[in-house]
Every structure is written in C-alpha cells, then in structure tokens.
2 protein chains.
Amino acid sequence: MATIYDVSNLARVSLATVSRVINDTGKVSDKTRQKVHEAMEQLGYRPNTIAQSLASNRSNSVGVLVSQLDGPFYGPMMREIESVLRAANKHVIIAAGHSDAIQEQEAVEFLVSRGCDALIVDAEMLANEYLVALGKGKTPVVFINRHVEGIDDRCVHMDNLQGGYLASRHVLERGHRQVGYISGPLFKQDARERLAGYIQALAEFGVPFDPDFFHEGDFLEESGADGMAKLLQSGKPLTAVVCANDHMASGAIALCLERGMRVPEDMSFVGFDNIPFPKYISPKLTTVSNPIQAMGKMAANWVLQQVYDAKDIPFAHRFAPELIVRESVTDLNV
Amino acid sequence: MATIYDVSNLARVSLATVSRVINDTGKVSDKTRQKVHEAMEQLGYRPNTIAQSLASNRSNSVGVLVSQLDGPFYGPMMREIESVLRAANKHVIIAAGHSDAIQEQEAVEFLVSRGCDALIVDAEMLANEYLVALGKGKTPVVFINRHVEGIDDRCVHMDNLQGGYLASRHVLERGHRQVGYISGPLFKQDARERLAGYIQALAEFGVPFDPDFFHEGDFLEESGADGMAKLLQSGKPLTAVVCANDHMASGAIALCLERGMRVPEDMSFVGFDNIPFPKYISPKLTTVSNPIQAMGKMAANWVLQQVYDAKDIPFAHRFAPELIVRESVTDLNV
DNA sequence: CTGTTAGCGCTTTCAG
DNA sequence: CTGAAAGCGCTAACAG
C-alpha cells in the first residue's frame, strides 16, 4: 500500500504538501496540487485513516447505540443515520443495548473508549443522571427518542404527549366514551407522556379516568393481550382501546379475535408507532406515526454539524406525530 | 487522558512492560503485573485503540455490509454479528448497499479503505466475479447468504434448493396438484435455487411444470399480488401457491382475500423466510425457516477465528432450512 | 522477565 | 505557497 511518503516522493513535494491537498487545507498552487493528484492516482494511494485519526485526534467514526438491532423500529432509523453519515465519509459503529441498563452502559463506554468523535444514543434504560453526565463528557452526544431535562439541546425526540392525545381524541371524536388504555411501562418517559396525552383527551371530553380501563404493559405484544384480558374482565362496556404501541395493539386485537369479537365492530383500536404490518391483515390499524426516520436523520445531521463543522442545517429537537386513520376504529356517531 | 507513558511512569516500569500486561503477551512477573494494574486503575487508563491499531496494523474493526438495515431480515442477523463481535471487543462498522450494485461496491470499498480487519458481506447485486476478486484481496471476507463458486470456503449460506423443495413437497403431500409458484427475480441465485427445489418436488410427484402457474416476482409484497393475479388469470384450477418469500406470499394472500377467496380453504399458501408477523393475522402462514441468525453468528465466528486467532469453532458453510407448518395449507387428502 | 529503540502513516506547527 | 521536523500513543523486535 502506497503511503503519503511515496506520493511526496513521486510528486517531488513534501509530505506536508501532500497532506494539504488530501485535506484541502491551507494554500497549494494549482500546479503542485495537480502533480500530487497525479502521483496519488498513479500509485492508487489511499490515505490510511487510522494514521489520520491518530495524528489528528479524530476517528471519523460515530458511535450509535440502539436498544435493538432487530425489530421494525430501529432499522429505519439506522438506515437514515448510516446514509447521512456515510455520505459524509464517516464510520458508523453500532452497538446494541438490548434494553438492559448494564449493557447500555457498557456499550456507551465501549463506543467512547473506541474514540468515536460523537455518539448517537437511544438509551432506553439508562438513568437521566447518567445521561446528563454523559452529555457533559468530552465526547459530544445526541440523544434520540428521549427528552432529558437539562440537556434539552442535545435531545431529538417526538412529542409523545401529543401522540397519545391524538390517538385518544380520535376515538373520543368518533363517539367512544368507554375507552381503555394499554400503557407502556411507566418507568419509561415516553410511556408516561403517551398516557398523559390519553388523560388530557379524556379530560377534554369530560370523561373520567377509570382505573379498570387501564393496564400497564411493557410494550410487547403479549402484554397487549394480557392487558386486553384484564380490561375485559372488568365487565364494563368497553368499546375502544388505545394502545401505547402497535405491538401491544396487535396482541390485544389477537385476543379479541380469539374470543370471537369483531374488530372494529365490537371493539375499536388505536395503536402507536405505525410499524409496517403486512397488507393483508385486517382490519388495518389506525395508529400514530412515529417520525423515527426523520429523527435519525436529524441526529446524524447534528453530529455532522457539531463535530465535523458541516454547513448549517436547521435543527429540530421535537418532532410531531401524526394520526394515521385506517380501519380499526368504528364510528359510533353514525 | 492518561497514556501508556503515564502508566509506565507511575508503575516505574517500561512502556514495553505496560504494553505486555495490556495485551497479555509475553511474560511478566506477577508483582510487576500487579503494579501496572494498580497504576492503570489509579489513572483510569484506557488504551488508545487508534494508536494500537496504527502500531499493530490492526483496526479491531469488522465491516459488515447488508443490503438493508431495515426490514425483518437483516436486523436479527446484525444482532448476532454485533453480539459475537462486541463480546470479543471488536468494532462493528456497518454499511448498507440498498440492493444496488454501485452502492454495494462503494460500501465495500469504503469498508476496506477504512482498514477493517475483515468483512462480512451480504451482497445482493454484486457480480460473482467481483466477489471472487474481493475474496482474493488482502482483507479477509466472508460472504453471507450467498454461495459463490470458487470461494466456497468463505460462504455461509442456506440450502435454498432444499427450502424450495420442502415448501413444495409439503403442498404436494397434502394432495395439491395444481401448485403455482411465485418466484424471486431469477438473476438472483437464491431465487433460482428455490425454484429448482419447487421443480424437483413437482418432478418427484410426477406433476409437470406449467408456465401458467409460474410468475417471476421481485421478492416484494406487491409483486406477490401481481403474480397472484396473473396465476388466477390463467383460469386453471389452482389450489396452492408456493412463494419464494413471505413478503410475496403476503401480497398474494391479500389479493385473494380481496377477491373474496378464503385462505386456505380456496387457496393454500407456503411462504419462505419465516419473518415475524403479528400474531393476529389469519391464517398463520406455513413457511420455511431461514436460519439467518445462525448464519450471522457463524460468519462472526469465522472472522474471530480467521482474523483474530480465536479458539477453534466448528464451521458450517451451509445451513438447512426447516419447514414450519402452520395454517395456510389445507389438506386435500382428507 | 524487563528495558531500549524504532517506527506505524499521517497532521501540524513553525520557519522560510 | 512549501518544507522540515516533531510528535499522536502504542507495538514489536532486539538486547540484556
């Protein structure tokens, strides 16, 4: 492999000059630049990025921590991040936290110790204090999918409350008054916020919150079924259920269908996240979009801008969800 | 940040000795080792991996090229790869090819030029010749999900023919004789092999291949619907369709349901890949498992073994698919 | 067992 | 505009 030294020899210029044309830094006469380019071409020269990193104290790599690599959620986000960063010729180094605080912390430390220039972190389990400390550390970090007080400017997140509100208002507008809610685990902020949106919508329509219509799940499909079973057990005349994510909605619907109920005729559902389901499932789920891809892109752009001095890109911290009306809510007004 | 030099100072030993205890290479007396460890601890020393890489000519990073980062397919594969490699303290650098030959090639070159110690490549569009050349290059490469003649020993793949055969035999065994096939694009090897399995099964049951019962799709959901429409158009009494992947099966089933047919009563289906569908879809799809996770793990282990001198791990090149019988095939024998 | 000494390939002052 | 030279932090012979 040719080195910068070979190039400088062939082009009859100094190392420094070659380095200058590689990095397009400082002034180099067109003629010299030309010579250097020719020499590089001829030798098939490729800068050794490791050496560059060592000398410049920059790794040109960005660490990304997600909780899961699989699932319909993080893939699209990763896709955007990778796409933006690679276009800028940066590495994307991934690590998975597997929804476990210890693994998440290890992953963060791994990425930091690897000399990542910046981190994009989707921390599901790590405590706020840890994140604040991390945010104050030397390595720039942007948090995705989470809003942490005190480091607001480094958070890219969606308006979960608004999402929960939109979902709930939709069923209320369609005349439902016995509206259940299957929540995510309440130690998670997004779950709390979505629930707050539900409560806000209820209040707006003058519907009291009924504990019998509430279940705290864990965002997994099965807990949707469990929650549904619990809501049904109350014996009260439930007509609709808002679920804090599509997975739980899926589980809840499955349970209803199993018990011979029709959806949405007997029970309406709204999900959350708008994960891609196969087209032939029926009914098609009304849900709330989660702009996860836009957030991924934004986080990557933030890194480009903060760390790699990229041109100005308007930065948005908070992304708005949108209600996606499909077929899983029946209209009681007609 | 403390350097190895600080540690050697504090511990009153030489740089070399510190390096030895870090890498656990060469002989160091317990007492010295102890001193060094204490010094490292005290300074919170973390080796600079960039410098390590430069000096040792190893980046400790493995490049992974997948065609898509999203979708139900590559996530689980990435998960295994990341998990194995991080446990060995190696970087995983990802790049996406987006099912495009040029992007795939660029991604490969990006990863190579980044000094990855090895590559795990899932190349969808790159030509065999390119892969062979790549395999002969300096950077060790393992190919996943593809069998390339001439570099068999570097390929981790599944037995697609057997998979196609299992799927087809299943419907034949259940008495179907008018069996359609919706194929993947035939320029792809896996699509050809799966089709060959179908043809083999037909032959075994003495059923002639009928071009009217064949459609070449592109592995996407929509082409499943298109293909189904075409098969139906022949007017012949089709009773079952084998699809080269679950996505197309999904599209095909959707079309049948839309047209008022019942599945599996009026039309049976077998898919391929066993991607996770929500539980409440009905009927549950009979399909063929794709041991993509096992293959990911195997590829990662191969890298550990070949490049990082890991302990011996039995290596399997070819993984067997399994038929997963669920509810989408009706039994005509009863 | 331990220390000395060259580099790895590149960036970056500092002069000229 | 260009060159010389000093490292970046670490590994790996080679002596001892």
Side-chain angles (χ1 to χ4, degrees), chain A residues 1-37 39-40 43-61 89 91 112-117 138 308-309, chain B residues 1-40 43-61 89 91 112-117 138 307-309:
Chain A
M1 203 67 203
T3 72
I4 196 173
Y5 186 75
D6 301 324
V7 176
S8 81
N9 258 353
L10 214 184
R12 308 191 144 286
V13 295
S14 72
L15 286 189
T17 302
V18 179
S19 176
R20 284 186 193 105
V21 350
I22 292 171
N23 299 294
D24 199 25
T25 168
K27 300 286 169 197
V28 182
S29 78
D30 281 356
K31 219 162 72 185
T32 313
R33 184 188 311 281
Q34 182 66 19
K35 276 197 301 187
V36 173
H37 274 134
M40 294 201 303
L43 294 167
Y45 169 75
R46 298 287 227 154
N48 177 323
T49 55
I50 308 277
Q52 285 181 313
S53 297
L54 182 59
S56 64
N57 200 27
R58 262 197 182 180
S59 66
N60 283 314
S61 63
N89 219 33
H91 274 156
V112 170
S113 85
R114 285 304 196 156
C116 290
D117 295 334
K138 207 181 157 188
Y308 299 117
D309 312 310
Chain B
M1 202 67 204
T3 73
I4 196 173
Y5 186 75
D6 301 323
V7 176
S8 82
N9 258 354
L10 214 182
R12 309 191 145 284
V13 295
S14 73
L15 284 190
T17 302
V18 178
S19 176
R20 283 186 194 106
V21 349
I22 291 170
N23 299 293
D24 199 25
T25 168
K27 300 284 170 197
V28 181
S29 78
D30 281 356
K31 217 160 76 184
T32 314
R33 182 188 311 280
Q34 181 67 18
K35 276 197 300 187
V36 172
H37 274 133
E38 276 166 15
M40 296 201 301
L43 293 166
Y45 169 75
R46 298 289 227 152
N48 178 321
T49 56
I50 308 278
Q52 285 180 312
S53 296
L54 182 59
S56 64
N57 198 29
R58 261 196 183 182
S59 66
N60 283 314
S61 63
N89 219 34
H91 275 156
V112 170
S113 86
R114 285 304 196 155
C116 290
D117 295 334
K138 207 181 154 188
V307 182
Y308 299 117
D309 312 310

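Chain A is the first sequence line, chain B the second, and so forth, proteins listed ahead of strands; every chain is numbered from 1. In this text, all values refer to a predicted model and were calculated from it rather than measured experimentally.
- Between the CD1 atom of Ile22(B) and the C1' atom of dT11(D) there is a distance of 10 Å, rounded to whole Å.
- dG3(D) atom C1' lies 19 Å from atom NZ of Lys27(A), rounded to whole Å.
- Between the side chain of Arg58(A) and the backbone N or O of Tyr308(A) there is no donor-acceptor pair closer than 3.5 Å.
- Looking at Ser59(B), its side chain does come within 3.5 Å of a backbone N or O of Gly115(B) through a donor-acceptor pair.
- Taking the side chain as every heavy atom from C-beta outward, Cys116(B) and Ser61(B) approach each other to under 4.5 Å.
- Using a 4.0 Å cutoff to heavy atoms of chain B, the contacted part of DNA chain C runs 5' to 3' from dC1(C) to dG9(C).
- Proximity of Thr32(A) to the phosphate of dC1(D): no side-chain N or O atom is located under 4.0 Å from OP1 or OP2.
- Between the CG atom of Leu15(A) and the C1' atom of dA4(D) there is a distance of 9 Å, rounded to whole Å.
- Atom CE of Met40(B) and atom P of dC10(D) are 11 Å apart (whole Å).
- As judged by a 4.0 angstrom heavy-atom cut-off over every strand, Val18(B) is placed among residues making no nucleic acid contact.
- Scanning both residues, Ala11(A) and Ala39(A), for their nearest heavy atoms gives CB-CB, 3.8 Å.
- Using a 4.5 Å heavy-atom threshold, the side chains of Gln52(A) and Ile22(A) count as touching.
- When the C1' atom of dA12(D) is taken as reference, atom CD1 of Ile4(B) falls 12 Å away, rounded to whole Å.
- Exactly one residue among Val18(B), Ile4(B), Leu10(B) makes a side chain to side chain contact (heavy atoms under 4.5 Å, CB included) with Val36(B). That residue is Val18(B).
- The environment of CG in Asn23(B) is crowded: more than 12 heavy-atom neighbours from other residues, nucleotides or ligands sit within 6.0 Å.
- Not one side-chain nitrogen or oxygen of Ser56(B) sits closer than 4.0 Å to the OP1 or OP2 atom of dT11(D).
- Residue Lys35(B) forms a side chain to side chain contact (heavy atoms under 4.5 Å, CB included) with just one option from Val7(B), Val13(B), Asp30(B), and that option is Val13(B).
- Atom CZ of Arg33(A) is separated from atom C1' of dT2(D) by 13 Å (rounded to the nearest Å).
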Query raised in the report: Please walk me through it: do Asp24(A) and Arg33(A) pass side chain to side chain contact (heavy atoms under 4.5 Å, CB included)?
Result: CA-CA 10 Å; Asp24(A) 199 25; Arg33(A) 184 188 311 281; 3.8 Å; yes

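- Using a 4.0 Å heavy-atom criterion, one finds that Ser19(A) contacts the bases of the nucleic acid, with or without backbone contacts as well.
- In this structure the side chain of Val28(A) reaches within 4.5 angstrom of the side chain of Thr17(A), judged on heavy atoms.
- What you find for Thr25(A) and Ser19(A) is that their closest heavy atoms are CG2-O, 4.4 Å.
- Val21(B) places a side-chain heavy atom less than 4.5 Å from the side chain of Met40(B).
- Listed by residue number, Pro47(A), Asn48(A), Ala51(A), Gln52(A) are the residues of residues 47-54 of chain A with a heavy-atom contact under 4.0 Å to DNA chain C.
- Along DNA chain C, the nucleotide closest to Ala55(B) and the one closest to Ser29(B) are compared, and the more 5′ of them pairs with Ser29(B).
- Look at CG on Asn57(B): it is 15 Å from C1' on dA13(D), rounded to the nearest Å.
- Helix bend of the helix from dC1(C)-dG16(D) to dG16(C)-dC1(D): the angle between its two end axes, each built from five pairs, comes to 30° after rounding to 10°.
- For a distance-only test at 3.5 Å, the side chain of Arg20(A) qualifies as a donor-acceptor partner of the base of dG3(D).
- When heavy atoms are screened at a 4.0 angstrom cut-off, Thr25(A) is found touching no nucleic acid atom at all.
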